[in-house]
**Student:** 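Can you read through this structure? Questions will come right after.
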Number of protein chains: 6
Amino acid sequence: MALIEYADAPPEVRAVFDDIKAARGVADVNNFWKALAVHPPTLKRTWESLKQVMAPGALDPLTKEMLYLAASAAAGCAYCTASHTAAARAKGMTEAMHGELLAVLSMAAETNRLAEALRVPIDQGL
Amino acid sequence: MALIEYADAPPEVRAVFDDIKAARGVADVNNFWKALAVHPPTLKRTWESLKQVMAPGALDPLTKEMLYLAASAAAGCAYCTASHTAAARAKGMTEAMHGELLAVLSMAAETNRLAEALRVPIDQGL
Amino acid sequence: MALIEYADAPPEVRAVFDDIKAARGVADVNNFWKALAVHPPTLKRTWESLKQVMAPGALDPLTKEMLYLAASAAAGCAYCTASHTAAARAKGMTEAMHGELLAVLSMAAETNRLAEALRVPIDQGL
Amino acid sequence: MALIEYADAPPEVRAVFDDIKAARGVADVNNFWKALAVHPPTLKRTWESLKQVMAPGALDPLTKEMLYLAASAAAGCAYCTASHTAAARAKGMTEAMHGELLAVLSMAAETNRLAEALRVPIDQGL
Amino acid sequence: MALIEYADAPPEVRAVFDDIKAARGVADVNNFWKALAVHPPTLKRTWESLKQVMAPGALDPLTKEMLYLAASAAAGCAYCTASHTAAARAKGMTEAMHGELLAVLSMAAETNRLAEALRVPIDQGL
Amino acid sequence: MALIEYADAPPEVRAVFDDIKAARGVADVNNFWKALAVHPPTLKRTWESLKQVMAPGALDPLTKEMLYLAASAAAGCAYCTASHTAAARAKGMTEAMHGELLAVLSMAAETNRLAEALRVPIDQGL
């Protein structure tokens, strides 16, 4: 799959890359954005959404990043698991926190499967 | 699917039900446990694991519960989503926090799919 | 969703329904086939494939049925889980065997998730 | 991702590795366990659960292993599919049995998708 | 789960509902939007993205709707399958086209599973 | 995983390979078929089904191929995504069409997850 580098990118792609680099204080964008640049409207829409969703709010940035990691790992996306593990570490996830996140993730997988295999009816009142 | 009530349960099932009720301070166990009681060794193993995994540690109980919810929702388990949404609320997840969790979850789904559909290579160093 | 009953079915659908009833010794076909009858070529192709795949071979019918159940439950299909649980019981799966199948299923879900979240490299020689 | 070798492992990890090697009669543990060693409580809990679940019972070891493989392949876990294919072969799965397992797996995928896409109602009595 | 009706909605939710109704020429919005209204920023962001993505472009509206349906059905989302089947029909999907879409969907499920279970290496040049 | 080349294939495998090469006008079959050749009955059944499903009908070949790609990408199959992207391009999918397909795919992933996480009830009449 083609990765589009800054030097080869059209102006509307460069504008998004510039915004990502400024927002994150990084010298270059991740491969994800370089791949997404094949379709500039999707690149722009995805980045605008992500920026809005990951901004500080009722949840702190580390919690948001760990939720992102949990959802990505539960969905089995290898690229996403790798990059959000790194992002969560950069935001303060320790080895011990990572270990507990993995434990919660694996228990969820186990009980999700059991609840579905047994077709458990949702508890009254929920 | 059969749900096994306390009154009809054999002693090894009652022992697990009693432990769940004591640990959670509830009058009755959820349907999940009543369904799992069809296989007492799996009931016991699952509860022992869950108790260990969800105990306070490097992550606080609310964060663990929200991670459980995110993983369950990402896996599309309706029962699990319903019960862990309720559990997270009981542990302090506000409407605003829930809204942001949903936003992170949906962004993760979107970017997971894009990363896979574009077969993005994992960034160097990760 | 529409379910097409035998009385309302065109000849090419009736022919498949007749073959299913004869092969299984049942008075009526399951809802799955009645739903699939909206597209007769898919109905016919699916039934022909299924008949071939589930025929006795190197694996006995009960093992095949339990594998079908495990795959369906792992994929989270509620209808399929319900119908293949019933089919496996009809072919001799006891309560204890069902319990162990569920235990294997839930362990697989747990270790699948961990292997992916940790991006474990495939062992040499495999 | 880091793989923790025996020589570099803390005592509680070595104890689990020793138990795995003894139980399986192997000289070294698989990468899965070396990766899991980053979180010793999860390593220990997962191994204890697996040992209990895979012990001989109402289902024989080969059937359990093939169910594990079917669930892992249905969940799309590449590492798990590779290692449980090897494990099933070691326990007696022939080429013909493997072929039939794949056939069941693919039929399940096909009918799972159809049942969900058509939203087939569960048959009465199930 | 709460569904928020127009009469009970705050102004920023009503504004989105009004835009959906105008864009689609409908008297009321679907349950999806009423449920999403619990988090107004996610409601607004999702609708704005959807409006942009589903606008006419290189692909015609019916093809886009059928792709949406295929992706939703492949992901096993019952609500989404129901609503996008209805939307595709409204845009001109005939019974025959629906049948062929289901056939493609089920073949994809089957071959996806086989390619993963056999760990087929990607063909050179792709 | 073993790939079976034409030169090493038994007659019933060669017959299928020949038919694929003739139908597609290619000099060699894809790795998928070489891998599937480990189980000749599954090879033959899968090819016969695929040939029937992908034949021109109410949907044109390009639309079918893009639906196949959308379903494969939604299921997260890397091999399938790679090969059906190439196949769709060969049948006329432009860069712009591919971009819009990715956009639809990612919106579907996002709204699928939200609909499930909010347990949205299916709209009346559907």
Side-chain angles (χ1 to χ4, degrees), chain C residues 1 3 30-32 34-36 38 42 46 49-50 52-54 57-59 63-80 82-86 94 96-97 99-101 103-116 118-123 125-126, chain D residues 1 3 30-32 34-36 38 42 46 49-50 52-54 57-59 63-80 82-86 94 96-97 99-101 103-116 118-123 125-126:
Chain C
M1 223 60 192
L3 295 181
N30 281 355
N31 287 344
F32 177 71
K34 294 178 184 176
L36 215 50
V38 296
T42 300
T46 306
S49 291
L50 195 73
Q52 180 189 327
V53 166
M54 299 304 278
L59 297 172
T63 300
K64 284 192 173 183
E65 196 64 49
M66 290 194 300
L67 290 170
Y68 213 117
L69 171 55
S72 299
C77 176
Y79 178 83
C80 317
S83 64
H84 290 284
T85 298
T94 63
M97 291 162 86
E100 294 188 12
L101 181 153
V104 171
L105 192 68
S106 66
M107 273 317 292
E110 183 175 344
T111 56
N112 287 182
R113 195 58 70 233
L114 287 168
E116 293 189 323
L118 289 161
R119 291 189 293 134
V120 184
I122 292 180
D123 296 276
L126 298 195
Chain D
M1 224 57 193
L3 294 181
N30 281 355
N31 287 344
F32 177 70
K34 294 178 185 177
L36 215 50
V38 295
T42 300
T46 305
S49 291
L50 195 72
Q52 181 189 325
V53 166
M54 298 306 278
L59 297 172
T63 300
K64 284 192 173 183
E65 197 64 50
M66 290 194 299
L67 290 169
Y68 214 116
L69 171 55
S72 299
C77 176
Y79 177 84
C80 316
S83 64
H84 290 284
T85 298
T94 63
M97 291 162 85
E100 294 189 12
L101 183 153
V104 170
L105 193 67
S106 66
M107 272 317 293
E110 182 174 346
T111 55
N112 288 182
R113 195 58 69 235
L114 288 168
E116 293 189 324
L118 290 162
R119 292 189 294 131
V120 184
I122 292 179
D123 296 276
L126 299 194

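Labels below follow one simple rule: chain letters A, B, ... track the order of the sequence lines, proteins then strands, and each chain is numbered from 1.
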**Student:** Check each atom of D:Glu100 against the heavy atoms of chain C and say whether the ones under 4.5 Å are side chain, backbone, both or neither.
**Tutor:** both
**Student:** Given the options D:Ala108, D:Ala73, D:Ala70, D:Gly57, which has more heavy-atom pairs under 4.5 Å with chain C than any of the others?
**Tutor:** D:Ala108
**Student:** Under a 4.0 Å threshold between the charged nitrogen and the carboxylate oxygen, would C:Arg113 count as salt-bridged to C:Glu116?
**Tutor:** yes
**Student:** Between C:Asn31 and D:Pro121, is there a donor-acceptor pair closer than 3.5 Å when you use the side chain of the first and the backbone of the second?
**Tutor:** yes
**Student:** Using heavy-atom distances under 4.5 Å, tell me whether D:Thr63 contacts chain C through its side chain, its backbone, both, or neither.
**Tutor:** side chain
**Student:** Please classify the contact between C:Thr42 and chain D as side chain, backbone, both or neither, with a heavy-atom cut-off of under 4.5 Å.
**Tutor:** side chain
**Student:** Mind listing the closest non-hydrogen atom pair of C:Met107 and D:Tyr68 along with its distance?
**Tutor:**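 Between these two residues, the closest heavy atoms are O-OH, 3.2 Å.
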**Student:** Relative to chain C, which of D:Leu36, D:Leu105, D:Thr94 shows the most heavy atom pairs under 4.5 Å?
**Tutor:** D:Leu36
**Student:** Between C:Ala103, C:Ser72, C:Ala75, who has the most heavy-atom pairs with chain D when the cutoff is under 4.5 Å?
**Tutor:** C:Ser72
**Student:** At their closest point, which heavy atom of D:Thr46 faces which heavy atom of C:Thr111, and how far apart are they?
**Tutor:** CG2-CG2, 3.9 Å
**Student:** When heavy-atom pairs shorter than 4.5 Å are enumerated against chain D, which of C:Gly99, C:Gly76, C:Cys80 gives the highest number?
**Tutor:**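 Among the listed options, the one with the most contacts to chain D is C:Cys80.
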**Student:** Quick one: of C:Leu67, C:Leu101, C:Leu69, who has the most non-hydrogen atom pairs under 4.5 Å with chain D?
**Tutor:** C:Leu67
**Student:** Identify the two heavy atoms, one from D:Val120 and one from C:Ala35, that lie closest to each other, and give their separation to 0.1 Å.
**Tutor:**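 Closest approach of D:Val120 to C:Ala35, heavy atoms only: CG2-CB, 3.7 Å.
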**Student:** Let me confirm one number: the CG-OH distance from C:Leu126 to D:Tyr79, rounded to the nearest 0.5 Å.
**Tutor:**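 Atom-to-atom, C:Leu126:CG and D:Tyr79:OH are 7.5 Å apart.
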**Student:** Rounded to the nearest 0.5 Å, how far apart are NZ of D:Lys64 and CE of C:Met66?
**Tutor:**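 Going from NZ on D:Lys64 over to CE on C:Met66, the span is 11.0 Å.
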**Student:** Which of the residues C:Ile122, C:Val104, C:Asn112, C:Leu50 is involved in the greatest number of heavy-atom pairs with chain D at under 4.5 angstrom?
**Tutor:** C:Asn112
